[in-house]
Amino acid sequence: MDIVEKIIEKYLNNINNEKQIQMFYEIGNIIRSNNINVIELSLYLKKQYGVVIAFTDRNLNNMIKFSNYDKSLLNKLKQITWKNILLIMKNNQDLIDICIKYKPTKKELEDYINKDKKLKKNDIIELDDMLEELKNIRR
């Protein structure tokens, strides 16, 4: 479990979307390859960082699923928010390029998926709540 904490500490200073996605990918790989108990890890991280949605059982399990993506996709995925990556994992990998091109908010992507709504191009990616929370850990 210390190894996961070391990964978090490596990325926590000056964290941004790219670093968050890289960190989640690495955490998922470590949990999977070392057969770490997710519930125990979540409790351990709660003691270290307090209650943080990034380190719930559910999100740690999502990191494990995320780490199954081919590493060659990681540079593309770093351009997408975690909440949109979660939608991609639930739906279709073809959404990766769409997210990079249009930079949709989570709501816009959900409407595109579920209601076949057309996407408009955004200049920047939406602020991610989880990323903000991780930034606040250091304050």
Side-chain angles (χ1 to χ4, degrees):
M1 289 192 226
D2 289 344
I3 191 165
V4 174
E5 186 178 4
K6 285 178 183 167
I7 291 169
I8 294 167
E9 290 299 320
K10 178 172 86 172
Y11 289 102
L12 216 46
N13 288 327
N14 300 315
I15 193 156
N16 58 26
N17 190 73
E18 284 185 26
K19 290 178 184 176
Q20 176 190 9
I21 302 309
Q22 178 73 40
M23 178 177 75
F24 286 178
Y25 190 84
E26 288 182 28
I27 290 171
N29 270 324
I30 292 297
I31 295 170
R32 189 168 34 87
S33 62
N34 291 290
N35 235 1
I36 296 172
N37 181 297
V38 171
I39 294 169
E40 289 176 16
L41 177 59
S42 177
L43 291 171
Y44 174 82
L45 294 174
K46 187 177 184 178
K47 286 180 186 173
Q48 304 305 313
Y49 301 106
V51 177
V52 180
I53 56 173
F55 305 130
T56 61
D57 305 358
R58 182 175 165 192
N59 207 47
L60 291 169
N61 280 315
N62 282 325
M63 289 179 210
I64 295 167
K65 289 178 199 165
F66 178 56
S67 71
N68 287 316
Y69 275 87
D70 191 292
K71 194 169 185 164
S72 66
L73 285 174
L74 197 52
N75 282 335
K76 281 186 167 188
L77 291 163
K78 287 179 185 179
Q79 300 174 56
I80 303 170
T81 61
W82 180 245
K83 52 187 160 187
N84 280 353
I85 289 173
L86 294 174
L87 287 173
I88 290 167
M89 289 193 308
K90 286 181 189 173
N91 290 280
N92 187 331
Q93 209 170 310
D94 293 340
L95 293 169
I96 294 171
D97 289 328
I98 290 168
C99 284
I100 291 170
K101 180 178 180 179
Y102 290 97
K103 297 177 178 67
T105 65
K106 180 183 177 188
K107 172 98 175 81
E108 289 169 344
L109 187 57
E110 286 174 328
D111 287 348
Y112 175 80
I113 294 165
N114 300 322
K115 299 177 184 174
D116 208 26
K117 270 192 154 181
K118 193 171 181 160
L119 288 172
K120 64 177 175 69
K121 221 173 191 178
N122 294 315
D123 293 333
I124 56 171
I125 61 173
E126 176 183 30
L127 188 62
D128 191 292
D129 300 343
M130 203 172 298
L131 178 57
E132 284 303 303
E133 184 183 57
L134 290 169
K135 286 179 178 182
N136 287 333
I137 288 175
R138 279 290 165 228
R139 290 186 185 141

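Closest approach of K103 and I100 over heavy atoms only: NZ-O, 3.7 Å. Contact record, I15 with K135: O-CE, 3.4 Å, taken as the closest heavy-atom pair. Nearest approach of L127 to K83, heavy atoms of both residues: O-NZ, 3.4 Å. The two residues I39 and D57 make their nearest non-hydrogen contact at CG1-OD2, 3.6 Å. Here the closest heavy-atom approach between residue N122 and residue T105 is recorded as ND2-N, 4.0 Å. For the pair L119 and L109, the tightest heavy-atom approach, listed with the atom from each and the gap, is CD2-N, 4.4 Å.
Atom CG of N14 has 12 or fewer heavy atoms from other residues, nucleotides or ligands within 6.0 Å. At most 12 heavy atoms of other shown residues, nucleotides or ligands fall within 6.0 angstrom of atom OH in Y112. Annotation for D116: atom CG does not count as buried by contact number, only 12 or fewer foreign heavy atoms lying within 6.0 Å. By the 6.0 Å contact criterion, NZ on K117 is open, its count of non-hydrogen atoms from other residues, nucleotides or ligands being 12 or less. For Y102, the OH atom sits in a loose shell: 12 or fewer heavy atoms of surrounding residues, nucleotides or ligands are nearer than 6.0 Å.
Salt-bridge formation is not detected for the pair K106/D128: no Lys NZ or Arg NE/NH1/NH2 atom is positioned less than 4.0 Å from an Asp or Glu carboxylate oxygen. Salt-bridge check for D111 with K107: passed, with a basic side-chain N closer than 4.0 Å to an acidic carboxylate O.
Hydrophobic cluster membership is shared by L131 and L12, with clusters built from Ile, Leu, Val, Met, Phe, Trp and Tyr side chains linked at under 4.5 angstrom. The cluster map of Ile, Leu, Val, Met, Phe, Trp and Tyr, joined by side-chain heavy atoms under 4.5 Å apart, puts V52 and M1 in the same cluster. Residues L86 and V38 fall within the same hydrophobic cluster, defined by Ile, Leu, Val, Met, Phe, Trp and Tyr side chains chained together at heavy-atom separations under 4.5 Å. Linking ILVMFWY residues whenever their side-chain heavy atoms come closer than 4.5 Å, directly or via other members, leaves L41 and L43 in distinct clusters. Note: the hydrophobic cluster containing I53 also contains I31 (ILVMFWY, side chain heavy atoms under 4.5 Å, direct or indirect links).
The closest donor-acceptor contact from the side chain of E126 to the backbone of T81 lies at 3.5 Å or more, if one exists at all. A side-chain donor-acceptor contact under 3.5 Å links Y25 to the backbone of Y69. Counting only distance, with no hydrogens or angles, the side chain of N17 and the backbone of K78 share a donor-acceptor pair below 3.5 Å.
Between Y49 and F55, the ring-plane angle classifies as tilted under the 30° and 60° cut-offs.
I30 places a side-chain heavy atom less than 4.5 Å from the side chain of I36. Considering only heavy atoms from C-beta on, I27 comes within 4.5 Å of L60 through its side chain.
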Between L95 and I113, is a side-chain contact (heavy atoms from CB on, under 4.5 Å) present by the stated rule, with each step listed?
-> CA-CA 9 Å; L95 293 169; I113 294 165; 3.6 Å; yes
Take N29 and R32, measure what side chain to side chain donor-acceptor pair (under 3.5 Å) needs, and give me the verdict at the end.
-> CA-CA 5 Å; N29 270 324; R32 189 168 34 87; 2.5 Å; yes
Test log, rule side-chain contact (heavy atoms from CB on, under 4.5 Å), inputs F66 and L77 = CA-CA 10 Å; F66 178 56; L77 291 163; 3.6 Å; yes
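For the side chain to side chain contact (heavy atoms under 4.5 Å, CB included) with K10, the qualifying choice from E26, M23, Q22 is E26, the only one to do so.
Between T56 atom OG1 and K46 atom NZ the span is 10.5 Å, to the nearest 0.5 Å. Taken from CG in N16 to NZ in K19, the straight-line distance is 5.5 Å, to the nearest 0.5 Å. The CD atom of Q48 sits 4.0 Å away from the CD atom of E5 when rounded to the nearest 0.5 Å. Here the SG-NZ distance, from C99 to K76, works out to 11.5 Å after rounding to the nearest 0.5 Å.
Between the side chains of W82 and N62, no donor N or O sits under 3.5 Å from an acceptor N or O.
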Which atom pairs, donor and acceptor, lie under 3.5 Å between side-chain atoms of residues 87-94 and protein residues at least two apart or in another chain?
residue, atom, partner, partner atom, Å
N91, ND2, L87, O, 2.8
N92, OD1, D94, N, 2.7

